[in-house]
Asks: 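First, the structure itself, so that you have it in front of you.
All ligand and atom numbering here is 1-based and tracks the order in the structure. Computed from a predicted model, the values in this text were never measured in an experiment.
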Amino acid sequence: MDKNQITVTSPLLPPLEEFTEYLKDIWESKWITNNGHYHQLLEKALCEYLGVEYISLFTNGTLPLITALQALRVTGEVITTPYSFVATTHSIWWNGIKPVFVDVDPQTGNLDPDKIEAAITPKTTAIMPVHVYGNPCDTDRIQHIADKYGLKVIYDAAHAFGVKRDGVSILQAGDISTLSFHATKTYNTIEGGALICHDKKMKERIDYLKNFGFAGETEVVAPGINSKMDEVRAAYGLLNLKYVDFAISARKSIAIKYREKLKGVEGISYFEDMDGVTHNYSYFPIFIDAHKYGFTRDELYLKMKGNNILSRRYFYPLISEFSTYRGLESATPQNLPVAYTMANSVICLPLHHGLASNDIERILELIIK
Ligand SMILES: *Cc1c(COP(=O)(O)O)cnc(C)c1O
């Protein structure tokens, strides 16, 4: 890799010496997967860190979404957002369910509660919102709608590790929330993920489903999948949990710097922190109004790229624009005007714990000029 290259993110890695100690322990025990020592420790540590009661670890952040829909026996149609990473909608498709796209709120980028009810049909059984960039959804209003129509709510909380509102984990909302621990996320286990639910019986069922449906040595209760996290990654995750607060505070300082310097730059907008919310600063999206800024989003994106700064256009194109989904009635630009506007104007700036202050200066100089 070019030393001058600035990437959008960089993985948080635990110190190698600490990790090798854990590896020796795993080698000695010869218990390398299937709910081992480190797996149990990590579940417990994450419950404490996140402020939730029941968590199940997974091999990635997509399988808990697929498993959540199975566990809640969701069928028919699911209302979801097009402004997300493609795995959100894929999980619905993998269950043979029809995704129904609803537009987003420009204040947060999240599913707009005002537009959900109009999309409900007799076939609707659930809502799958995303806390995009870690901005909490309007969980009260979504729950109110879900209760009124008897729907389940599954939050894709892949961006919302550690996010709290009024001191309460955002993962407490809905029936189930899921996390991704992919290398690019705020907290990673290289690949990995988790499912958060709110009662013991549900966790038990989730743990069957992620282990082929086994409910004992000889009994299989469902066509479950294999999505168990192994001991090596659980140990890595346990170590990384010690450093995640440092990573989040480093991200926060960078976000503050970006906001300070971009304030008042004509044609550029960004999100402010929300009242009462503990953010995790997982992304720093800016939105370009080409008319006012003088350059289009793509012109700025390419200019940065030409200068070895690799920003990303999350989330462009919209999920509803991909070939698998663009034929759906709900996938039209007329149905999703806000999502289209956001997707066509967004750039996520580099943001990670290792970003140096002269890198930040270089990025800002290019944007502000
Ligand atoms: C990263 C991500 C996922 C998928 O997680 P993986 O761990 O990569 O499988 C799902 N939803 C959203 C919104 C994501 O950003």
Asks: Go through ligand 1 atom by atom and flag the ones less than 4.0 Å from a non-hydrogen atom of A87.
Replies: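 In order of numbering, the contacting atoms are 4 (C), 10 (C).
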Asks: Less than 4.0 angstrom from a charged side-chain N to a carboxylate O is my criterion; do K24 and E21 meet it?
Replies: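 Here K24 pairs with E21 in a salt bridge, since their nearest N and O are under 4.0 Å apart.
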Asks: Quick check on contacts: which atoms of ligand 1 are under 4.0 angstrom from a heavy atom of G61?
Replies: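 In order of number, 5 (O), 6 (P), 7 (O), 9 (O).
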Asks: Could you state whether M304 and F295 fall into the same hydrophobic cluster, counting links through intermediate Ile, Leu, Val, Met, Phe, Trp or Tyr residues with side-chain heavy atoms under 4.5 angstrom apart?
Replies: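 Linked, M304 and F295 end up in one cluster.
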Asks: Does the separation of the ring centres of H37 and Y22 fall below 6.0 angstrom?
Replies: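 H37 vs Y22: aromatic centres not under 6.0 Å.
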Asks: Could an N or O of ligand 1 be found under 3.5 Å from any N or O of S84, whether backbone or side chain?
Replies: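 No, S84 has no N/O under 3.5 Å of an N/O on ligand 1.
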Asks: Rounded at 0.5 Å granularity, tell me how far CD1 in I97 sits from CG in L69.
Replies: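 Those atoms lie 5.0 Å apart.
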Asks: Is there a path from L72 to L63 through hydrophobic residues (I, L, V, M, F, W, Y) whose side chains come within less than 4.5 Å of each other?
Replies: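 Linked, L72 and L63 end up in one cluster.
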Asks: So, D207 and K203, do they make that salt bridge, N to O below 4.0 Å?
Replies: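 Yes, this pair counts.
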Asks: Quick one: does D156 get an N or O within less than 3.5 Å of an N or O on ligand 1?
Replies: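 Checking ligand 1 against D156, an N or O pair does fall under 3.5 Å apart.
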Asks: Number the atoms of ligand 1 from 1 as they appear, then name those within less than 4.0 Å of a heavy atom of G192, with their elements.
Replies: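 Answer for ligand 1: 7 (O).
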Asks: Quick check: does E191 get an N/O under 3.5 Å from an N/O on ligand 1?
Replies: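 No: no nitrogen or oxygen of E191 is under 3.5 Å from one in ligand 1.
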Asks: Using the ring-ring contact (aromatic ring centres under 6.0 Å, His included) rule, pick out the option among Y83, Y281, F315, Y187 that qualifies with H159.
Replies: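 Checked Y83, Y281, F315, Y187 against H159; only one passes ring-ring contact (aromatic ring centres under 6.0 Å, His included): F315.
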Asks: With nothing but distance in play, are any N or O atoms of F315 less than 3.5 Å from an N or O of ligand 1?
Replies: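 In fact, backbone or side chain, F315 has no N or O that close.
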Asks: Is there a heavy atom in S91 that sits closer than 4.0 Å to ligand 1?
Replies: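 For ligand 1, residue contact (heavy atoms, under 4.0 Å) with S91 is absent.
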Asks: Would you check the N or O atoms of Y283, main chain and side chain alike, for any that come under 3.5 Å of an N or O of ligand 1?
Replies: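 No, there is no polar N/O contact under 3.5 Å.
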Asks: Which atoms of ligand 1 have any heavy atom of K185 under 4.0 Å away?
Replies: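 So the answer, numbered in order with elements, is 1 (C), 2 (C), 14 (C), 15 (O).
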